[in-house]
Amino acid sequence: VYLLFQGLRQISRRTISTASRRQFENRVPEKQKLFQEDNGIPVHLKGGVMDALLYRVTMGLTVFGKANTEIFMLWYDVQRAN
């Protein structure tokens with residue numbers, strides 16, 4: 001058991017120490033500037049096309065879910081009345 005533990009420890013050290021470290025540029029100031037500018041666009045749409053698509057899909061699913069619930073409730077009431 002001790003040898004197994006030592007082997008795992010060596011593998012974990014090697015994996016951590018030899019892992020490639022990517023350097024990412026800090027884009028937070030750019031995003032802050034984009035979202036803080038006063039251009040009349042709602043904040044949930046300032047991210048571009050993907051934000052608009054995500055917003056529309058979310059609203060569509062919400063409206064569909066609400067309509068589906070109302071239809072089910074109406075159907076249930078009709079079934080119960082019979």
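To the nearest 0.5 Å, atoms CD (Gln36) and NZ (Lys46) are separated by 8.5 Å.
By the salt bridge (Lys or Arg N to Asp or Glu O under 4.0 Å) test, Lys33 pairs with no residue at all, sequence neighbours left out. Checked against side chain to side chain contact (heavy atoms under 4.5 Å, CB included), Asp77 has no partners two or more places apart in sequence or in another chain. Partners of Glu37 according to the side chain to side chain donor-acceptor pair (under 3.5 Å) rule, which considers only residues two or more places apart in sequence or in another chain, are Asn39. Remark: Leu34 pairs with no residue by the side chain to side chain contact (heavy atoms under 4.5 Å, CB included) rule, at least two apart or across chains. Qualifying ring pair (Phe, Tyr, Trp, His ring centres under 6.0 Å) partners for Phe35, counting only residues two or more places apart in sequence or in other chains: none. Val57 is linked by a side chain to side chain contact (heavy atoms under 4.5 Å, CB included) to Leu53, Leu61, counting only residues two or more places apart in sequence or in another chain. Legend: residues meeting side chain to side chain contact (heavy atoms under 4.5 Å, CB included) with Pro29, ordered by chain and number and at least two apart, are Asn26. In this view, Glu30 satisfies the salt bridge (Lys or Arg N to Asp or Glu O under 4.0 Å) rule with no residue, not counting sequence neighbours.
Hydrophobic side-chain contacts under 4.5 Å tie Val28 to no other Ile, Leu, Val, Met, Phe, Trp or Tyr residue. Chaining together hydrophobic side chains whose heavy atoms lie under 4.5 Å apart places Leu45 alongside Ile41, Tyr55, Met59.
Residue pairs meeting the salt bridge (Lys or Arg N to Asp or Glu O under 4.0 Å) criterion with at least one partner in residues 52-62, sequence neighbours excluded, are absent.
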Just list the side-chain donor-acceptor pairs under 3.5 Å for residues 63-73, sequence neighbours left out, or say none.
residue	atom	partner	partner atom	Å
Lys66	NZ	Glu70	OE2	3.1
Thr69	OG1	Gly65	O	2.8

